[in-house]
Amino acid sequence: MSRLHDFFRRYEASANSLDPDQACALYTAEFLGGDPTGVAVGRNDDSLREAMVQRKALFEQIGFRQARVLEIEETVLDAHYTLAKVHWLMVFEKIPGQPQEFRFAITYGVHDDGKALKVAFWISHEDERQVMQQAGLI
């Protein structure tokens with residue numbers, strides 16, 4: 001298994017645990033995030049941890065059950081950067097007995113500093129919040 005696939009196995013485990021500290025450990029000190037609504041610049045500090053805490057609360061409220069990596073399309077840019085388009089399956093069950101599945105694609109810019117891989121930026125190809133609103137989750 002490649003280092004990148006191993007990294008995304010850890011990322012998947014973090015997504016499922018909803019542990020803010022585990023999630024924050026996967027990002028560079030500064031990062032970019034984008035989706036169809038725009039781009040945001042962030043810092044891996046208390047504000048990111050708080051955002052992860054809020055995400056955990058929201059996901060628990062709307063019945064989060066599982067996040068699973070379905071496929072990774074890898075493009076090595078150089079010795080330090082790789083683009084990874086990750087296809088995700090997310091399952092929510094807000095109403096017991098009525099699970100809802102969503103598929104999202106997110107492209108990550110992964111930085112390799114020689115010691116560890118970390119996400120430097122991501123682009124979510126769908127507006128995940130809008131998709132979940134349209135499905136009645138939020």
Side-chain angles (χ1 to χ4, degrees):
M1 175 184 316
S2 76
R3 285 180 72 216
L4 186 74
H5 282 79
D6 182 53
F7 174 80
F8 278 104
R9 285 204 191 284
R10 289 192 322 273
Y11 198 105
E12 179 184 78
S14 169
N16 282 298
S17 74
L18 299 173
D19 180 307
D21 295 320
Q22 190 178 8
C24 290
L26 300 170
Y27 289 89
T28 55
E30 296 84 24
F31 56 87
L32 294 172
D35 66 17
T37 66
V39 177
V41 177
R43 291 194 54 82
N44 192 341
D45 58 13
D46 288 341
S47 63
L48 177 61
R49 188 179 189 294
E50 181 56 32
M52 296 293 186
V53 168
Q54 291 175 12
R55 182 175 192 260
K56 178 180 180 176
L58 171 66
F59 274 29
E60 289 173 346
Q61 178 185 1
I62 61 176
F64 173 76
R65 293 292 175 261
Q66 176 189 30
R68 185 165 37 115
V69 172
L70 299 174
E71 179 183 3
I72 301 171
E73 299 171 31
E74 180 178 343
T75 304
V76 176
L77 300 177
D78 62 26
H80 299 285
Y81 291 94
T82 300
L83 291 180
K85 186 172 186 181
V86 179
H87 299 268
W88 289 95
L89 170 70
M90 295 186 73
V91 181
F92 294 86
E93 192 173 343
K94 186 175 183 178
I95 300 170
Q98 296 181 25
Q100 294 176 282
E101 293 185 353
F102 301 90
R103 285 175 169 70
F104 297 110
I106 302 174
T107 298
Y108 299 88
V110 180
H111 179 249
D112 182 350
D113 67 2
K115 298 174 192 160
L117 302 180
K118 296 200 178 203
V119 172
F121 70 86
W122 76 89
I123 301 166
S124 183
H125 299 281
E126 296 85 17
D127 181 342
E128 295 172 25
R129 184 171 277 285
Q130 181 183 28
V131 169
M132 290 191 267
Q133 284 175 330
Q134 289 172 344
L137 283 177
I138 53 177

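Owing to the predicted nature of the structure, the values given are computational and were not obtained by experimental measurement.
There is no path of hydrophobic side-chain contacts, each under 4.5 Å, that joins Leu32 to Met52. At a threshold of 4.5 Å between side-chain heavy atoms, the hydrophobic network of Ile, Leu, Val, Met, Phe, Trp and Tyr places Ile138 and Phe92 in one connected group. Cluster annotation: Tyr11 is not connected to Leu18 through the hydrophobic network of ILVMFWY side chains, with a link wherever side-chain heavy atoms come within less than 4.5 Å. Under a hydrophobic clustering in which Ile, Leu, Val, Met, Phe, Trp and Tyr are joined whenever their side-chain heavy atoms come within less than 4.5 Å, directly or via other members, Leu77 and Trp122 fall into different clusters. No continuous path of ILVMFWY side-chain contacts below 4.5 Å connects Val110 to Tyr81, so the two sit in separate hydrophobic clusters.
Pairing each heavy atom of Pro36 with each of Ser124, the nearest pair is CD-O, 3.3 Å. When all heavy atoms of Pro20 and Val53 are compared, the pair lying nearest together is CG-CG2, 3.7 Å. When all heavy atoms of Lys94 and Gly136 are compared, the pair lying nearest together is NZ-O, 3.5 Å. The minimum heavy-atom distance linking Ile72 with Val86 is given by the pair CG1-CG2, 4.2 Å. Contact detail for Ala120 and His111: the closest heavy-atom pair is CB-CB, 4.4 Å. A pairwise comparison of heavy atoms in Asp19 and Asp21 identifies OD1-N, 2.8 Å as the closest pair.
For the pair Lys56/Phe64, no side-chain contact is recorded, criterion being any heavy-atom separation below 4.5 Å from C-beta on. Counting heavy atoms from C-beta outward, Leu48 and Arg43 have side chains that stay 4.5 Å or more apart. Contact of the Glu74 side chain with the Phe8 side chain is not registered, since no non-hydrogen atoms from C-beta on lie closer than 4.5 Å. Counting only heavy atoms from C-beta outward, the side chains of Phe7 and Leu26 approach each other to under 4.5 Å.
More than 12 heavy atoms of other residues, nucleotides or ligands shown are found within 6.0 angstrom of CG on Asp113.
With values rounded to the nearest 0.5 angstrom, Ile62 atom CD1 is found 5.0 Å from Leu137 atom CG. To the nearest 0.5 Å, atoms CG (Asp45) and OH (Tyr27) are separated by 14.0 Å. Between Met90 atom CE and Asn16 atom CG the span is 8.5 Å, to the nearest 0.5 Å.
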Enumerate donor-acceptor pairs with a distance under 3.5 Å from any side-chain N or O in residues 96-108 to protein atoms, sequence neighbours excluded.
{"from": "Gln100", "atom 1": "NE2", "to": "Ala135", "atom 2": "O", "distance (Å)": "3.2"}
{"from": "Thr107", "atom 1": "OG1", "to": "His125", "atom 2": "NE2", "distance (Å)": "2.7"}
{"from": "Tyr108", "atom 1": "OH", "to": "Trp88", "atom 2": "NE1", "distance (Å)": "3.1"}

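Panel note: side chain His80, backbone Asp112; a donor-acceptor pair is recorded below 3.5 Å. Without hydrogens or angle criteria, Thr28 side chain to Val119 main chain gives a donor-acceptor distance under 3.5 Å. A donor-acceptor contact shorter than 3.5 Å is absent between the side chain of Lys85 and the backbone of Glu73.
Residue pairs satisfying the salt bridge (charged side-chain N to carboxylate O under 4.0 Å, His left out) criterion with at least one member in residues 120-135, sequence neighbours excluded, are absent.
In summary, the aromatic rings of Phe31 and Phe121 are positioned with their centroids too far apart to meet the 6.0 Å limit.
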